[in-house]
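Below is one structure, written out as structure tokens; comments come after it.
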There are 2 protein chains.
Amino acid sequence: MSSKLWYLKRCDLFERLTPEQAEQLEGRAIMRRFGRGDIIYLPSEMARSVLVLASGRVKIKGVTPDGKEFIYAFIEPGEIFGELALVGDSPREEFAEALEASEILAIDRDDLFALMAARPDVSLGITKLLGLRRRRIEMRLRNIMFRSNRQRVLGVLLELLDAYGERSGSDWRIRLRLSHQELASLIGATRETVTIVLGQLQLEGFIRVQRRLITILDRDRLVAESAAE
Amino acid sequence: MSSKLWYLKRCDLFERLTPEQAEQLEGRAIMRRFGRGDIIYLPSEMARSVLVLASGRVKIKGVTPDGKEFIYAFIEPGEIFGELALVGDSPREEFAEALEASEILAIDRDDLFALMAARPDVSLGITKLLGLRRRRIEMRLRNIMFRSNRQRVLGVLLELLDAYGERSGSDWRIRLRLSHQELASLIGATRETVTIVLGQLQLEGFIRVQRRLITILDRDRLVAESAAE
DNA sequence: TGGCGAATGTGTGCGACTTCACGGAGCCCA
DNA sequence: TGGGCTCCGTGAAGTCGCACACATTCGCCA
């Protein structure tokens, strides 16, 4: 089995394809490699294809007019991204950047449309994917509007715990190692403020911070604190 | 033709149904009326149906833990809302509130799933709808993160102009009449700040404000100002 | 048409964040 | 194993926007 095919099968959406359908898709997909920091696509670039992350890690980000970067999402292996190519003919409005060396499979959107026509379950899967991501973005918006930076940090920690949490003894830790700058880019604050707030939360016994590794010591209290007021 | 059927046909998604399909859907849909200020659905309510606005106007909103309201979107007649019912079995996370007397058609999500299976074009339409709304929300997020309230107001005015702008002589006006409070709930600011900023923009000749009616006098300069720095 | 609630205009203090600046710690890799 | 880079910690000074308090105006409708 080709490596392209193997990667396709790892993606939820495609795991139930018939061998012929999978091979058809695989034959027309293009594999590309990117190094740390490489830009995979940019805004204003026409969106002709949908991407599947085979290995590595990717972030989806935007840049404000005055040059500050903000993060929409992180992509893990097996996940799809750039899927807004399926909606209309508008250009992309965000960046995709490789956070580490990554392998990416590009599927032409017409091939995916064809597959969707033949497989209603794939079509429904795409719909649900779009819906889930929309729900996530709305949660981000809710976490930011009218909230102090302390509340935003609490909120984003819970969100990350939900998406990337793993057990560590009696505690939870966030598998995704993020710098203070990246946390700041998630909540719309400065790097310095995030440093301060994380320090306070550590003092108050909510979390332990070790460089890029954050451990949640008291999840319940953190949830209460985040919901309070 | 029943009024329910007539309203269904006004909705882009359903206008090309066969008479049988339309009647089938119509027979199972439920029409309800709401008065100004009535809540159509709330968070934590299970999302069993998708709504179509037949007449009136609706806003989709959330509330922060400390009671401040923020607005996700406005819905106009012929538009669908509550469509996240199609994604998984999670409860709703937002409010839908009637802004004026409204008539609403509720379609059980299973009926819509059945229709989607029979009509790939409806399915694709739903997918695109979700994608468009996600793009819109992402634009909102981009407009808010790291930006001053002045920039946010400029941004939201352009967004509203795009969605609800109409020609008025050589100028453009925003068809949707919004209070300062509602504008504030769109950008995450206080009502007072919005009043100040609108006043400044009027002094600077960008816009004219008459109570709830905003006219854009110099669109190009406003775009430049919004993109600058 | 008078009255009342909603919407708008304005001012004052204050606090949270930002900006800028710099020192030190950790980490990768030649 | 040390040089250089990124990341983290901290302080001083300034600003923006918020909270709160009121006055005023508008528009609706009894």
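Residue numbers begin at 1 in each chain, while the letters A, B, ... track the order of the sequences.
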| query | Got more than 12 heavy atoms from elsewhere within 6.0 Å of CZ, B:R212? | reply | yes
| query | B:N149 side chain: which of D:dC8, C:dA7, D:dG17 is closest? | reply | D:dG17
| query | Taking atom types as modelled, is there a side-chain donor on A:S148 or A:R152 under 3.5 Å from an acceptor on the other? | reply | no
| DNA chain D: 5'-proximal contact among A:F146 and A:V209 (nearest heavy atom) | A:V209
| message | Rounded to whole Å, how long is the line connecting atom CG of B:L178 with atom P of C:dA6? | response | 18 Å
| NZ/NE/NH1/NH2 to OD/OE distance under 4.0 Å, A:E97 and A:K61 | yes
| field | A:I144 CD1 to D:dG17 P, straight-line distance once rounded to whole Å | value | 17 Å
| request: Report the nucleotide, chosen from C:dT18, C:dT8, C:dC17, that has the shortest atom-to-atom distance to any side-chain atom of A:T193. | output: C:dT18
| field | Between C1' of D:dC18 and CE of A:M145, the distance in whole Å | value | 15 Å
| Interatomic distance where CD1 belongs to A:I196 and C1' belongs to D:dT10 [whole Å] | 7 Å
| task | Name the residue closer to the 5' end of DNA chain C, choosing between A:R150 and B:R212 according to the nucleotide with the nearest heavy atom. | result | B:R212
| message | So, OP1 or OP2 of D:dC7: does either fall under 4.0 Å of a side-chain N or O from A:S179? | response | no
| note | Between CG of A:L198 and P of D:dT10 the distance, given in whole Å, is 12 Å
| If you draw a 6.0 Å radius around CD1 in A:I39, do more than 12 non-hydrogen atoms from other residues or ligands fall strictly inside? | yes
| message | Quick check on D:dT6: is either OP1 or OP2 less than 4.0 Å from any side-chain nitrogen or oxygen of A:H180? | response | no
| field | Which residues share a side-chain hydrogen bond (donor to acceptor under 3.5 Å, both in side chains) with B:K4, sequence neighbours left out | value | none
Check nucleotides 20-30 of chain C for protein N or O atoms closer than 3.5 Å to its own N or O atoms and list the pairs.
{"unit_1": "C:dC20", "atom_1": "N4", "unit_2": "A:E192", "atom_2": "OE2", "d": "3.1"}

| Which part of the nucleic acid, if any, lies within contact of B:T190, taking any heavy atom under 4.0 Å across all strands shown: a base, the sugar-phosphate backbone alone, or nothing? | sugar-phosphate
| D:dC7 C1' sits how many Å from A:R36 CZ, rounded? | 11 Å
| Protein-nucleotide distance (B:R177, atom CZ; C:dT8, atom C1'), rounded to Å | 16 Å
| note | Sorted by chain and number, sequence neighbours left out, side-chain hydrogen bond (donor to acceptor under 3.5 Å, both in side chains) with B:D218 holds for B:R221
| Side chains of B:R135 and A:S90: is there a donor and an acceptor less than 3.5 Å apart? | yes
| message | Strictly below 4.0 Å: does A:K68 bring a side-chain N or O up to OP1 or OP2 of C:dT18? | response | no
| field | Atom pair distance, as rounded to whole Å: CG in A:L203 and P in D:dG9 | value | 11 Å
